[in-house]
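See below for the structure under consideration.
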Amino acid sequence: IAEGVDQTRGWFYTLHAINTMVSDKCAFKRVISNGLVLDKDGNKIYMNDTAMYAYGIYHYYASGHNYITNNELKINYSGNSNYHAMYCYAYNTTGTYDIHHNSIRMYSGTGSYGYGIYAYLYGSAASFSIRNNNIEMLTSGAYPMYLNQSAASYFGVGLGMYDIDYNNLVAPTYVGYAGAAKSTLAAWQTTVKTDLHSVVVTPVYTSATHDSLKVANDTAYICPSVA
């Protein structure tokens with residue numbers, strides 16, 4: 001069998017688990033596991049853009065279980081429309097997302113609408129887990145996180161729900177959007193019931209020119225590991 005290293009938990013394990021239950025045998029004997037191609041510094045996405053719409057990561061109408069983890073996104077947008085570090089659309093019966101351990105820093109020009117993580121939940125069997133992300137928006141009116149659903153029934157652990165916690169949500173005006181713009185962490189947490197531990201702490205990075213989004217002191221961001 002040959003697959004990417006990112007399938008260790010998914011495809012490899014699933015084959016073994018099912019075959020063991022059905023036939024009491026291993027699913028395969030030999031594995032070729034290829035790695036992932038990154039830029040020279042790792043999972044980094046840098047963008048300077050003037051287009052009508054700018055996206056760092058665009059994932060639309062996704063099905064299955066999707067992982068967006070350990071990315072560093074720096075976007076400098078000088079247009080006058082919408083821009084997103086991440087745009088994710090979880091579709092109806094099978095679309096689920098784990099968005100974990102990402103660092104985002106975004107700036108835009110006047111008149112644009114900025115979103116750090118845009119999480120669109122559609123259908124009762126779609127879901128989002130959004131945890132342990134460091135998001136800094138530098139433009140007034142931008143949202144570190146945007147959720148299209150706001151009813152209490154959408155917040156929890158499981159299908160048809162948002163599981164959100166342990167993020168750093170920094171912006172000049174808003175902490176996020178969930179049914180309406182939320183200008184304080186307390187207002188955000190009143191709607192987003194799962195979010196008990198997120199913070200609003202302006203990051204100080206090890207690089208003064210932001211070549212890296214590694215924080216100089218992570219004391220304020222201590223959070224549990226996410227499997």
Side-chain angles (χ1 to χ4, degrees), residues 53-59 68 71 73-75 77 80-90 96-124 126-204 213 215 220-224 226:
Y53 299 100
Y55 302 93
I57 294 175
Y58 182 91
H59 215 252
I68 302 178
N71 298 287
L73 298 99
K74 297 192 300 181
I75 297 181
Y77 176 63
N80 60 359
S81 191
N82 295 354
Y83 69 103
H84 308 72
M86 294 185 191
Y87 182 102
C88 301
Y89 190 116
T96 62
Y97 280 96
D98 287 350
I99 302 175
H100 300 158
H101 308 300
N102 299 285
S103 296
I104 297 171
R105 190 173 193 267
M106 302 186 69
Y107 170 79
S108 73
T110 303
S112 57
Y113 301 90
Y115 309 94
I117 297 176
Y118 188 104
Y120 195 101
L121 181 63
Y122 178 83
S124 59
S127 66
F128 278 96
S129 172
I130 307 175
R131 288 173 168 255
N132 301 4
N133 300 285
N134 186 25
I135 309 169
E136 183 184 21
M137 311 295 285
L138 301 175
T139 305
S140 179
Y143 300 104
M145 196 177 299
Y146 184 101
L147 314 176
N148 69 304
Q149 304 288 359
S150 60
S153 59
Y154 285 102
F155 296 95
V157 178
L159 296 178
M161 293 186 174
Y162 290 108
D163 173 25
I164 296 171
D165 205 359
Y166 290 102
N167 300 287
N168 186 28
L169 306 171
V170 178
T173 312
Y174 303 119
V175 170
Y177 185 101
K182 309 296 182 181
S183 58
T184 66
L185 185 60
W188 169 261
Q189 290 172 327
T190 297
T191 299
V192 184
K193 303 296 185 182
T194 60
D195 198 345
L196 303 178
H197 305 96
S198 287
V199 296
V200 179
V201 178
T202 301
V204 176
L213 297 186
V215 294
Y221 314 110
I222 298 301
C223 56
V226 178

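Because the structure is predicted, anything quoted here is derived from the model rather than measured. Residue numbers count from 1 along this sequence.
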Contact check, side chains of [X] and [Y], non-hydrogen atoms, under 4.5 Å:
X	Y	answer
Leu121	Leu147	no
Ile130	Ile117	yes
Val175	Ser183	no

Taking all non-hydrogen atoms of both residues, which atom of [X] and which atom of [Y] are closest, and how far apart?
X	Y	result
Met106	Tyr83	CE-CD1, 2.9 Å
Thr173	Ser140	OG1-OG, 3.0 Å
Met161	Phe155	SD-C, 4.1 Å
Ala90	Ser127	CB-O, 4.2 Å
Cys88	Ile99	SG-CD1, 4.0 Å

For the pair [X] (side chain) and [Y] (backbone), establish whether a donor and an acceptor sit closer than 3.5 Å, ignoring hydrogens and angles.
X	Y	answer
Thr194	Ile164	yes
Gln189	Asp195	yes
Asn167	Asn133	yes
Tyr162	Ala119	yes
Thr139	Ala142	no
Asn102	Ile68	yes
Asp98	Ser129	no

Under 3.5 Å side-chain donor-acceptor pair for [X] and [Y]:
X	Y	result
Asp165	His197	yes
Ser150	Thr191	no
Asn148	Tyr89	no

>> Which residues pass the ring pair (Phe, Tyr, Trp, His ring centres under 6.0 Å) test with Tyr154, not counting sequence neighbours?
In response: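 Once residues adjacent in sequence are excluded, Tyr154 has no partner under the ring pair (Phe, Tyr, Trp, His ring centres under 6.0 Å) criterion.
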> Got a sec, which residues hit ring pair (Phe, Tyr, Trp, His ring centres under 6.0 Å) with Tyr87, two or more places apart in sequence or on another chain?
Replying inline: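 In terms of ring pair (Phe, Tyr, Trp, His ring centres under 6.0 Å), with neighbours along the sequence ignored, Tyr87 is linked to Tyr55, Tyr58, His84, Tyr118.
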